[in-house]
Amino acid sequence: DPSPRVVRALVGGYGVGAGTFNRATQAERQAGSTFKPFVYGAAMMMGMNTTSKCLDRPFVDRDTGSAKAWKPKNYDGKFDGEITLRTALTKSKNLCSVWVIDELKRRFRESVSGDEWKDQWRDANPVVKMARQAGITSALPADSDALALGSATVTPLEMVNAYATLASGGMLAQPIFIEKIADPTGQVIFQAEQQAVPTITPELTYLITSLMQSVVEDGTAKAVTTLKRPVAGKTGTTNDSHDAWFIGFTPDFVAGVWIGFDTAANLGPGETGGRAAIPVWLDFAKVALEDAPVREFTIPSGITMV
């Protein structure tokens, strides 16, 4: 529940005797493309908008500290050239995400004098700042362009809570597992007190959410349209299909699914977030939202539709 941040359901394993390792709260896995909304959020925080153009083109980084250059690719193996940020996130274009970070880095380099800009960039990286404002606390490789592709390891709960910050209009809060404890007489001896803090403006939150609605309406999460209600979300698939994700939300509901092996083995050919994780998410959401009213995302007063 995004506003009070109460956890309504949590599953960290399966079967009888699943063990004490709770994957929902303890498994540290690469976020993959579920991290991209924060990349594009940072771009818009720094002055771009949903129709700003990015370059979906080949990228080679030879300054990797090793003999092997880094050559990220798009999942579909195609390059679309100059496209909008909305199209880039909708199609989950890896190379546009890398371009965005590279462009933000270029602008920062031009604004700072001297050769120490790299050290300053680690502290000023707007993508890291955006992720922190959403609630991601895990270590983030601030000086690596691979951050754009979700190379950082996070827990499923951490990512779902970060998406809840977007669903709640930019309010950062911690998940609540226990709302209240009462003694046998009914006297309340513990009451959870939520301390939500505004960290992302409602306008920027809405723009990010709008991009993520396009992912559902026209992109990699189109299967979610069977719910017949406004949903924003993002799929994620990591290298060699080790992790498959889908995190989606309405104004009143946030849920995330991660699928993978504990040993980080390949899930199989074509087992992307759209194919492996969305069906699980949909099975749950259909029941969880069965009696919930259909609500549109609130458009802040500072947003103008053109």
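Sequential numbering from 1 along the given sequence is applied to the chain's residues. Atoms considered below: every heavy atom in the structure, side chains included; atoms not considered: hydrogens, waters and symmetry mates.
Under the salt bridge (charged side-chain N to carboxylate O under 4.0 Å, His left out) criterion, R295 pairs with D252, sequence neighbours left out. Residues that satisfy the salt bridge (charged side-chain N to carboxylate O under 4.0 Å, His left out) test with K93, not counting sequence neighbours, are D56, D76, D80.
Looking at I259 and D243, their side chains never come closer than 4.5 Å, going by heavy atoms from C-beta outward. You'll find the side chain of S97 stays beyond 4.5 Å of the side chain of N94, heavy atoms only. At least one side-chain heavy atom of E103 sits less than 4.5 Å from a side-chain heavy atom of M48. Side-chain contact between Q213 and V231 is absent, with no heavy-atom pair separated by less than 4.5 Å. Under the 4.5 Å side-chain criterion, counting only non-hydrogen atoms from C-beta, I136 is in contact with L140. Residues Q194 and R5 have side chains in contact (heavy-atom distance under 4.5 Å, counting atoms from C-beta outward). In this structure, Q30 and S151 have side chains that are in contact, with non-hydrogen atoms separated by less than 4.5 Å. Within the 4.5 Å cutoff, the side chain of L10 has heavy atoms near those of the F177 side chain.
Annotation: the span from K180 atom NZ to Q191 atom CD amounts to 6.0 Å, rounded to 0.5 Å. E110 CD to R107 CZ: the interatomic distance, rounded to the nearest 0.5 Å, is 9.0 Å. Atoms CG and CG, from D102 and D145 in turn, are 5.0 Å apart once rounded to the nearest 0.5 Å. With values rounded to the nearest 0.5 angstrom, N74 atom CG is found 13.0 Å from F59 atom CZ. For the atom pair CG of D143 and CG of D123, the computed distance is 10.5 Å after rounding to the nearest 0.5 Å. A distance of 11.5 Å separates CG of L85 from CD1 of I208, quoted to the nearest 0.5 Å.
Proximity of a side-chain donor or acceptor of Y163 to a complementary backbone N or O of A255 within less than 3.5 Å is not detected. Side-chain N or O atoms of Q26 include one that pairs as donor or acceptor with a backbone N or O of N22 at under 3.5 Å.
Shown here for P230 and T250, the closest heavy-atom pair between the two residues is O-CG2, 3.6 Å. Here the shortest heavy-atom pairing between H242 and R29 reads O-NH2, 3.5 Å. For the pair P269 and R275, the tightest heavy-atom approach, listed with the atom from each and the gap, is O-NH1, 3.7 Å. When every heavy atom of P4 is checked against every heavy atom of I176, the shortest pair comes out as O-CD1, 3.7 Å. Closest approach of A134 to F38, counting heavy atoms only: CB-CE2, 3.5 Å. Minimum interatomic distance between L147 and F35 (heavy atoms only, all atoms of both residues): O-CD2, 3.3 Å.
Under the 4.5 Å side-chain heavy-atom criterion for ILVMFWY residues, a single connected hydrophobic cluster contains both M46 and V112. Side-chain heavy atoms closer than 4.5 Å link hydrophobic residues (I, L, V, M, F, W, Y) into clusters, and following such links, even through other members, never connects W281 to M159. If you chain together hydrophobic residues whose side chains sit under 4.5 Å apart, M212 and M130 fall into the same group. The hydrophobic cluster containing I200 also contains I247, counting ILVMFWY residues as joined when their side-chain heavy atoms lie under 4.5 angstrom apart, directly or transitively. A chain of hydrophobic side-chain contacts below 4.5 Å, direct or via other Ile, Leu, Val, Met, Phe, Trp or Tyr residues, connects V100 to L207.
A 6.0 Å sphere centred on CD1 of I189 holds more than 12 heavy atoms belonging to other residues, nucleotides or ligands.
For the residue pair S210 and R86, a side-chain donor N or O sits within less than 3.5 Å of a side-chain acceptor on the partner. Between T155 and T25, the side chains place no donor N or O within less than 3.5 Å of an acceptor N or O (distance only, hydrogens not considered). For the residue pair S92/K36, the side-chain donor-acceptor check at 3.5 Å is satisfied. The closest side-chain donor-acceptor pair between T90 and T87, if any, does not fall under 3.5 angstrom. In the model, S111 has no side-chain atom that pairs as donor or acceptor with a side-chain atom of R106 under 3.5 Å. Using modelled atom types, one finds no donor on one side chain facing an acceptor on the other under 3.5 Å when comparing K105 with N125. Looking at T225 and E217, their side chains never bring a donor and an acceptor atom within 3.5 Å of each other. Checking S3 against S168 by side-chain atom types alone, no donor-acceptor pair falls below 3.5 Å.
Salt-bridge annotation for E179 and R8: present, with a side-chain N of the basic residue lying under 4.0 Å from a carboxylate O of the acidic one. Ion pairing between K286 and E290 fails under the 4.0 Å rule for side-chain N and carboxylate O.
Put simply, the residue from L95, L89, I83, T84 that forms a side-chain contact (heavy atoms from CB on, under 4.5 Å) with C54 is I83.
Applying the ring-ring contact (aromatic ring centres under 6.0 Å, His included) test to every pair with at least one member in residues 71-111, sequence neighbours left out, gives these pairs: F108-W121.
A ring-centre distance under 6.0 Å is found for F297 and F249.
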